Number of protein chains: 2
Amino acid sequence: METLRERKKQRTRDALVRAAVELFTSQGYDRTTVDDIAAAVDVSQRTFFRYFAGKEEAALALQDMVVARFVASVRERPSHETPLEAMRQAVVEGWDTINEIIESVVPVEQYLRMYSVIESSPVLLAAHLRRSTETEERLAHVLAEREGVDLDTDPRPRLAVAVFSGVMRVTERQWTMAGDFSLETMREMTISYLEQVGPTLTENWRTH
Amino acid sequence: METLRERKKQRTRDALVRAAVELFTSQGYDRTTVDDIAAAVDVSQRTFFRYFAGKEEAALALQDMVVARFVASVRERPSHETPLEAMRQAVVEGWDTINEIIESVVPVEQYLRMYSVIESSPVLLAAHLRRSTETEERLAHVLAEREGVDLDTDPRPRLAVAVFSGVMRVTERQWTMAGDFSLETMREMTISYLEQVGPTLTENWRTH
DNA sequence: GAGGCTAGTGACAGCCTCTGACAATTGACA
DNA sequence: TGTCAATTGTCAGAGGCTGTCACTAGCCTC
């Protein structure tokens, strides 16, 4: 972020993300064209595509920031924690520090609203899920290193991450459907669902 | 499949899927245009889009058939099995009966090769993952009914399905990466990975 | 601080996916 | 056989995305 060039570039990028999120949350993802976004920032459409590989990437830029922080957070967890504990703590901690990450680009409120946008747009949801698998792969590497196991021969890191991500995905979805867009609710659901995984897999559901 | 019209339609659809899979597995997904597929079957591009909502749908048509069978299979499992047992049995059983489902449209070998195509094409993988979430939702309904719990208030069906799907997804991916496209290997990996989930979540990975 | 160098941009042109509208064709059925 | 409905082809066009090329503005050296 030293030179004027770099600062200018960052400003353009932020402006594009801001405009994109603004338009997506107000008009919807499909009803917003790349031209709209470019026009809102007063750059050419071609320039938009120099910053983002596609419309999706602009929509998921905020997610990327949060996810990157989450992965880093897991890596920094004390090594006495089990993989699941480490991921759990990192997520919960994440919900508390979201402001710091997002607020520099858009209001947190708008970030939360993007969850609905993502969930309600098939193409966007698809892109989000694919990116999540990339995150999972990165996470698996982190866990393997933490626990000192070989990712090529030991499937456990990937299995643990897959299970964890599955639960988080359900949480995300249920939270969105509930329509209560508060961080507090999200926090509670995260903890609650993660607690229930064990019993769900082992205990009998039928109570009679 | 009574009238001539219906038979003709089915034949066109099968021909499109066949041509699509043929082209995708030989040239790759991105290097195959909808025009190519339509031309191979000698119908107009517009007709293609009357059969499939998009290029992806044609590519995932075979998957759909297999998945539909899987969900039905879970529904038919004896009620004394736990949810996880039922899903596990349904999958393993599925690998044994795949021929019957697929062979009527394309050789099984080609179906297996589509896994690589899906895995190596970002857009296609994204579409696949999104569709998987829809399957998960359907599965959750099946489990909820089986166990007699309320899906609106009880997260356990969705959690169980999410965990199971997560494991299956890892299996799928590792199988594809291994490059050994035999049903036998897939079968073994499925069973092996599902067995390891429990220990992975509870036991200590560090053996010293 | 002048001039060369290069990253970043705008302006086209063009490909591909996908959709709406309307006309032409073909099967269904009285 | 004639009418009706379903299926298809043709045409037109929007929108996402990419290559190309010229141009401007920041940067760096002398």
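Letters A, B, ... are given to chains in the order of the sequence lines, protein chains preceding strands, and every chain is numbered from 1. Quantities reported herein were computed from a predicted structural model and do not represent experimental measurements. The analysis underlying the following values was restricted to heavy atoms, covering all of them including side chains, and did not include hydrogens, waters or symmetry mates.
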Q: Rounded to whole Å, how long is the line connecting atom CZ of A:Arg13 with atom P of C:dG8?
A: 13 Å
Q: So does B:Thr47 get a side-chain nitrogen or oxygen closer than 4.0 Å to the phosphate oxygens (OP1/OP2) of D:dT8?
A: no
Q: Counting only N and O atoms by type, is there a donor-acceptor contact under 3.5 Å from the side chain of A:Tyr29 to the main-chain atoms of A:Glu56?
A: yes
Q: Roughly, in whole Å, what's the span from CZ in A:Arg11 to C1' in C:dT9?
A: 16 Å
Q: Return the 5'-most residue of the pair A:Lys8, A:Arg50 with respect to DNA chain D, ranking by each residue's nearest nucleotide.
A: A:Arg50
Q: Examine the base of C:dG8 for any acceptor or donor lying under 3.5 Å from a partner atom in the side chain of A:Arg46, and report the outcome as yes or no.
A: no
Q: B:Glu57 has an atom CD; how far is it from atom C1' of C:dT17, in whole Å?
A: 14 Å
Q: How close or far is atom C1' of C:dC18 from atom CZ of B:Phe52, stated in whole angstroms?
A: 15 Å
Q: Specify the separation, in whole Å, of atom CZ of A:Phe48 and atom C1' of C:dG10.
A: 16 Å
Q: Heavy atoms within less than 4.0 Å of DNA chain D: which residues of residues 20-33 of chain A have one? Give them sorted by number.
A: A:Thr32, A:Thr33
Q: I need the single residue from A:Tyr193, A:Trp95, A:Tyr115 that forms a ring pair (Phe, Tyr, Trp, His ring centres under 6.0 Å) with A:Trp175. Which is it?
A: A:Tyr115
Q: Does C:dT9 have OP1 or OP2 sitting under 4.0 Å from an N or O in the side chain of A:Tyr51?
A: yes
Q: Tell me: CD of A:Glu56 to P of D:dG15, nearest whole Å?
A: 17 Å
Q: Counting heavy atoms from C-beta on, name the nucleotide in C:dT17, D:dC17, C:dT26 closest to the side chain of A:Phe49.
A: D:dC17
Q: Quick check for you: among D:dT18, D:dC27, C:dC18, whose closest atom lies nearest to any side-chain atom of B:Lys55?
A: C:dC18
Q: Are the side chain of B:Lys9 and the backbone N or O of B:Tyr51 linked by a donor-acceptor pair below 3.5 Å?
A: no
Q: For B:Thr185 and B:Ser182, which I'm curious about, is there any donor-acceptor pair between the side chains at under 3.5 Å?
A: yes
Q: With respect to the side chain of B:Ser44, which nucleotide from D:dG9, D:dC17, D:dA6 is positioned closest?
A: D:dG9
Q: Is the phosphate of D:dA6 approached by B:Lys9 (side-chain N or O, under 4.0 Å from OP1 or OP2)?
A: no
Q: Less than 3.5 Å apart, any donor N or O on the side chain of A:Ser44 or A:Thr47 sitting next to an acceptor on the other?
A: yes
Q: For B:Arg7 and C:dT26, give me the distance from atom CZ to atom P, rounded to whole Å.
A: 17 Å
Q: Ignoring hydrogens and geometry beyond distance, is a side-chain donor-acceptor pair present between B:Gln196 and B:Ser192 at under 3.5 Å?
A: yes
Q: So if I apply the salt bridge (charged side-chain N to carboxylate O under 4.0 Å, His left out) rule between B:Glu137 and each of B:Arg158, B:Arg131, B:Arg130, which one comes out positive?
A: B:Arg158
Q: Measure CD/B:Gln45 against P/D:dG13 and give the value in whole Å, please.
A: 16 Å
